[in-house]
Amino acid sequence: GESVGLHLPTLSVQEGDNSIINCAYSNSASDYFIWYKQESGKGPQFIIDIRSNMDKRQGQRVTVLLNKTVKHLSLQIAATQPGDSAVYFCAENLINAGNMLTFGGGTRLMVKP
Amino acid sequence: NAGVTQTPKFRVLKTGQSMTLLCAQDMNHEYMYWYRQDPGMGLRLIHYSVGEGTTAKGEVPDGYNVSRLKKQNFLLGLESAAPSQTSVYFCASSSNSERQFFGPGTRLTVL
């Protein structure tokens, strides 16, 4: 979910379980959404994206779901591994109104071995 | 391809000093961006560029200037550093307004 200030929401899962990270976006007109993974001390790394004309997109072990009615985005990670431990950010963009991604506050995923 | 690179990786400044952060990309991307990230928070856009010779303000532009004299480089300048500018700075580039590729970041401390 979204964070406020210095306290990131944290999701703790057991290795091998599925993870679901949620994000509420702000602009109902946004037409592009993207998930990034950020490991400690590194830059954000692209995971998966989705356009507003879709409600689901799958990648390798990851699925993004988009619910435009309630302005909600989720990232599902199947069979979570220790290497998935990181902070995950969602971002939204209104493609024809500029080239700026607006980022959410991030969720920390901790995978217990 | 090196992707997006940033120089320097770390820097400590005293209040009032100036410095320039350099971002370079070798992907021939039109768009480049500068973000700052404060502890436990997401990225906030400082300035961006949609092409060589053009720049625009983002969400938090005050205290920063940028230049895009060459397509592959995007410079972020701090003319008079303040402690509030202590942060991690990320550069990104993209070929359109969608997926952005990020550099490894510059950790800046202003004393």
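Letters go in sequence order (proteins before strands), and every chain restarts at 1.
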query = Any link between A:Leu109 and A:Val62 through a network of hydrophobic side chains (Ile, Leu, Val, Met, Phe, Trp, Tyr) touching at under 4.5 Å?
reply = yes

task = Following the transitive rule for hydrophobic clusters with a side-chain heavy-atom cut-off under 4.5 Å over Ile, Leu, Val, Met, Phe, Trp and Tyr, establish whether B:Tyr31 and A:Phe103 coincide in one cluster.
result = yes

Heavy-atom count check: over 12 atoms from other residues, nucleotides or ligands less than 6.0 Å from [X] [atom1]?
X: A:Gln14; atom1: CD; answer: yes
X: B:Glu52; atom1: CD; answer: yes
X: B:Arg107; atom1: CZ; answer: no
X: A:Met54; atom1: CE; answer: yes

ask   = So which part of A:Gln38 gets closer than 4.5 Å to some heavy atom of chain B, the side chain, the backbone, both or neither?
value = side chain

key: Contact class of A:Tyr36 relative to chain B, heavy atoms under 4.5 angstrom   = side chain

Supply the atom-to-atom distance [X] [atom1] to [Y] [atom2], rounded to the nearest 0.5 angstrom.
X: A:Asn93; Y: B:Glu98; atom1: CG; atom2: CD; answer: 7.5 Å
X: B:Arg99; Y: A:Ile48; atom1: CZ; atom2: CD1; answer: 9.5 Å
X: A:Leu101; Y: B:Gln100; atom1: CG; atom2: CD; answer: 4.0 Å

ask   = Of all heavy-atom pairs between B:Phe102 and A:Pro44, which one has the smallest distance, and what is that distance?
value = CB-O, 3.5 Å

request  = Return the minimal non-hydrogen interatomic distance between B:Gly42 and A:Phe89, and the atom names on each side.
outcome  = CA-CE2, 3.4 Å

ask   = Where on B:Gln37 is there a heavy atom nearer than 4.5 Å to chain A: the side chain, the backbone, both, or neither?
value = side chain

